[in-house]
Number of protein chains: 2
Amino acid sequence: MSSLKNVADLAGVSVATVSRVLNSDEVVKYETKVKVMNAIKTLKYSPNRVAQRLRTTRKSSRLIGLLIPDIQNPFYVDVIRGIEVFAYANNAAVVIGNFSQDEKKEKLYLDILKSESVDGFIVAPSNEKDIYIKELVKDGFPVVCIDRGLSDIEVDLVKVDNQKGAFNAIEHLIKLQHTRIGHITGNQLIPTTMERLAGYEQALKQYNIAIDPEIIVSRESDYESGAELAAYLLDLENPPTAIFTGNNLLTLGALETINKRGLKIPEDIAIIGFDDVYWANSLNPPLTAVRQPGFEIGKRAMELLIQRILSPEREVASIIYKTELMIRKSCGSKEKRL
Amino acid sequence: MSSLKNVADLAGVSVATVSRVLNSDEVVKYETKVKVMNAIKTLKYSPNRVAQRLRTTRKSSRLIGLLIPDIQNPFYVDVIRGIEVFAYANNAAVVIGNFSQDEKKEKLYLDILKSESVDGFIVAPSNEKDIYIKELVKDGFPVVCIDRGLSDIEVDLVKVDNQKGAFNAIEHLIKLQHTRIGHITGNQLIPTTMERLAGYEQALKQYNIAIDPEIIVSRESDYESGAELAAYLLDLENPPTAIFTGNNLLTLGALETINKRGLKIPEDIAIIGFDDVYWANSLNPPLTAVRQPGFEIGKRAMELLIQRILSPEREVASIIYKTELMIRKSCGSKEKRL
DNA sequence: CTGAAAGCGCTTACAG
DNA sequence: CTGAAAGCGCTTACAG
């Protein structure tokens with residue numbers, strides 16, 4: 001790979017001049033510029049991003065650090081796609097860290113990313129008090145949070161109105177005459193879990209349905225928990241007629257249990273999930289779900305991050321997207337139940 | 001963030017010495033080492049990976065470039081997980097490029113990764129002749145290919161026996177008395193597509209079933225193609241009784257069409273897919289599929305890459321994993337059909 | 001308009 | 001056993 005020096009030699013100018021034309025500094029004379037451009041072309045020169053990054057300031061060639069709790073969750077792959085498309089358009093590369101909801105791993109990745117001098121971070125904090133992320137923000141690194149915010153500290157945030165989304169889901173179920181609605185929540189340390197639970201409770205209250213703690217169950221936010229907690233719910237003496245699952249993975253797990261028992265959806269048990277998937281129609285019956293715009297969330301987060309890098313002093317932004325209730329067939333239809 | 005210089009000053013030694021203890025150079029005197037260690041601890045010093053990378057040689061702090069055709073495909077997320085876990089254990093970070101089967105984007109990412117001075121590449125070439133990847137190999141960069149090889153050039157490769165996997169799938173169908181088996185293949189420019197097609201044809205031949213080109217259909221390797229091609233197959237005057245789909249996305253798409261038409265699986269139409277997913281049991285009925293060990297593939301690729309970086313001259317390795325036929329319920333059972 | 005020089009944070013061959 | 005110095009490939013303030 002050729003260097004600035006090589007280009008300079010070939011063009012018969014100094015490295016400073018070459019650097020100037022690369023950074024489109026207006027001062028350089030037209031003829032010089034042409035000579036340099038030609039040299040660049042014949043050497044197929046392209047700047048070394050590592051060297052650029054070692055300098056304190058730079059305008060382009062960014063590297064973005066991404067800290068994701070679980071890459072197996074399709075919601076996050078949508079987010080990643082959004083980030084990546086926008087990054088690509090901005091000549092930025094992204095370093096990815098998947099910490100699997102493991103704080104030790106989160107810390108290690110954070111350290112690696114810091115020492116890679118990334119220009120900024122996009123992270124989903126493991127919880128509201130996440131000290132590592134807080135430290136990052138305090139230390140003045142550009143960071144934007146996705147999906148989950150941070151308490152007691154100002155930070156850019158892009159997420160969804162979880163409470164409203166859950167409320168809509170439960171309301172939908174209620175209008176379909178369900179009154180005994182179970183809720184499989186995610187890990188209760190994760191802020192979104194609590195917001196969705198709040199939406200669930202709010203809907204029940206509003207429609208004067210008593211909240212029964214027996215049918216609100218919780219463990220981790222993963223597939224196995226979904227499967228096991230669904231089994232628990234179905235084994236109850238007075239089982240729910242509908243289940244609201246707190247995320248993608250939980251939904252899929254619950255579905256396994258329901259299928260395994262040969263239960264019919266929605267006749268035997270209705271199900272509505274938080275998080276939509278692009279293959280919701282491949283499920284039988286198609287899944288009714290609360291859709292988060294993952295791609296848009298990623299894209300917006302990347303935009304905010306670039307802004308933040310450019311103007312560290314701009315006010316903190318909090319972008320709350322609306323969810324969309326994707327009504328398909330897993331909750332039944334009004335006619336049927338009436 | 002503190003630098004080598006800061007540590008050196010605090011410890012009262014030169015930066016060279018600090019660097020030596022960091023790189024556990026045996027020569028440094030015990031007392032000096034202790035002083036330096038303390039300084040490192042009090043300053044919470046951690047080396048700048050960018051500066052390290054700017055130096056030509058280094059032993060740790062690697063950066064790995066990953067070029068993936070489609071992050072929406074669950075197979076690749078398994079691969080990524082495998083890569084990432086092994087990378088993490090080796091203090092390596094991974095920069096990810098998702099090129100969506102778009103050659104322009106592939107080229108751009110490759111350029112970015114090169115100028116980030118990554119220590120090596122793990123890539124799934126867009127096809128066997130992929131000139132960019134070939135160039136990379138010729139230029140002496142450490143690269144290991146996954147899923148798809150390269151023609152006319154020696155390169156480390158980790159993949160699966162696609163032909164055998166497809167053969168097994170078709171044989172399974174045949175033993176279940178299916179004789180009219182449709183095949184929705186992926187993009188025919190992708191090597192794996194052709195290998196799977198070869199397995200399909202081999203099985204039919206071996207069991208003396210005529211190959212009917214009418215029921216071998218192909219477009220892209222994505223969801224929409226799966227949905228549309230399944231519709232095409234089902235609309236045929238003499239439609240197949242079973243469909244073999246060439247990958248994950250194709251399977252999901254076909255499932256949507258089958259569900260939409262209210263067809264029963266496996267009674268009305270049997271389906272077997274290449275690629276398993278962790279939520280295959282959440283499908284109704286559970287999907288019979290050819291499983292590729294994605295996680296292991298990723299892990300192995302990362303191992304090979306590290307070896308390659310350490311000894312660029314070692315012989316080229318070609319690791320072919322076996323697939324596993326995951327028999328569930330989407331193809332019916334022998335008893336039923338007999 | 002252009003060049004020489006300093007410096008970003010490291011590592012390592014060379015002296016001593 | 002340790003330090004001074006060169007150099008990796010850039011950018012930019014300072015001269016001219």
Side-chain angles (χ1 to χ4, degrees), chain A residues 1-37 39-40 43-63 91 111-119, chain B residues 1-37 39-40 43-63 91 111-119:
Chain A
M1 305 220 69
S2 44
S3 70
L4 254 202
K5 182 82 175 51
N6 299 330
V7 177
D9 289 349
L10 183 60
V13 297
S14 73
V15 293
T17 301
V18 178
S19 176
R20 288 195 188 96
V21 350
L22 281 169
N23 296 291
S24 38
D25 188 333
E26 294 297 327
V27 299
V28 8
K29 198 167 53 170
Y30 181 72
E31 291 94 79
T32 318
K33 193 167 166 177
V34 172
K35 274 193 298 183
V36 172
M37 298 286 243
I40 289 176
L43 289 176
K44 288 187 190 161
Y45 170 77
S46 113
N48 181 318
R49 295 167 66 104
V50 180
Q52 289 182 317
R53 192 159 327 110
L54 194 54
R55 302 279 333 209
T56 35
T57 56
R58 88 216 73 96
K59 330 184 182 96
S60 54
S61 312
R62 305 193 186 296
L63 220 211
N91 191 33
D111 286 343
I112 291 185
L113 294 180
K114 269 198 253 181
S115 68
E116 284 288 355
S117 302
V118 298
D119 300 280
Chain B
M1 306 221 66
S2 45
S3 70
L4 254 202
K5 183 83 176 52
N6 299 328
V7 177
D9 288 350
L10 182 61
V13 298
S14 73
V15 293
T17 301
V18 179
S19 176
R20 288 198 187 92
V21 350
L22 281 169
N23 296 291
S24 39
D25 188 333
E26 295 297 328
V27 299
V28 8
K29 197 166 53 168
Y30 181 72
E31 293 95 78
T32 319
K33 194 169 167 174
V34 173
K35 276 193 297 183
V36 172
M37 299 285 242
I40 288 175
L43 289 176
K44 290 188 188 159
Y45 169 77
S46 117
N48 181 317
R49 295 168 65 105
V50 180
Q52 289 181 319
R53 191 157 328 110
L54 193 55
R55 300 278 332 206
T56 34
T57 56
R58 86 217 75 98
K59 328 183 183 95
S60 53
S61 311
R62 304 191 188 296
L63 221 210
N91 191 32
D111 286 342
I112 292 186
L113 295 179
K114 268 199 254 179
S115 68
E116 284 289 355
S117 302
V118 298
D119 299 280

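What's counted below: heavy atoms across the whole structure, side chains too, no hydrogens, waters or symmetry copies. Protein chains get the first letters and strands the later ones, always in sequence-line order, with residue 1 at the start of each.
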Quick check for you: among [options], whose closest atom lies nearest to any side-chain atom of [X]?
X	options	value
A/T17	C/dT2, C/dA4, D/dC10	C/dT2
B/R55	D/dT2, D/dT11, C/dT11	C/dT11
A/N23	D/dC1, C/dG9, D/dT11	D/dT11
A/V28	D/dA4, C/dG9, C/dT2	C/dT2
A/S19	D/dT11, D/dG9, C/dT2	D/dT11
B/S14	D/dG3, C/dT2, C/dC8	D/dG3
B/L54	D/dA4, C/dT2, D/dG9	D/dG9

Starting at atom [atom1] of [X], determine the distance to atom [atom2] of [N], rounded to an integer number of angstrom.
X	N	atom1	atom2	result
A/L43	D/dG9	CG	P	14 Å
B/K35	D/dC1	NZ	P	14 Å
A/D9	C/dG3	CG	P	12 Å
A/N48	C/dG9	CG	C1'	14 Å
A/K114	C/dG9	NZ	C1'	17 Å
B/M1	C/dG9	CE	P	11 Å
A/Y30	C/dT2	OH	C1'	19 Å
B/L4	C/dT11	CG	C1'	9 Å

> Nearest nucleotide by nearest heavy atom, which residue falls closer to the 5' end of DNA chain C, B/K5 or A/K33?
Replying inline: A/K33
>> Please classify the nucleic acid contact of B/V50 as base, sugar-phosphate, or nothing, using heavy-atom distances under 4.0 Å.
In response: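 The residue B/V50 makes no contact with any strand.
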>> Looking at A/R20 and C/dG3, is any side-chain donor or acceptor paired with a base atom of the opposite kind under 3.5 Å?
In response: yes
Do [X] and [Y] make a side-chain contact, defined as non-hydrogen atoms from C-beta onward lying under 4.5 Å apart?
X	Y	answer
B/E116	A/R53	yes
B/N91	B/R49	yes
A/D9	A/K5	yes
A/L63	A/S117	no
A/V15	A/V7	no
B/N48	B/M1	no

> Can you list the stems that DNA chain C is part of, where a stem is at least 3 pairs in a row, each Watson-Crick or G-U, with both distances below 3.5 Å?
Replying inline: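 Stems found: C:1-3 with D:14-16, C:5-12 with D:5-12, C:14-16 with D:1-3.
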> Residues two or more places apart in sequence or in another chain: which of them pass side-chain contact (heavy atoms from CB on, under 4.5 Å) with A/V28?
Replying inline: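 With neighbours one apart ignored, the set is A/R20, A/V21, A/T32, A/K33.
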>> C/dT11, OP1 or OP2 - any side-chain N/O from B/Q52 closer than 4.0 Å?
In response: yes
> Of all residues at least two apart in sequence or in a different chain, which pass the salt bridge (charged side-chain N to carboxylate O under 4.0 Å, His left out) check with B/K29?
Replying inline: none
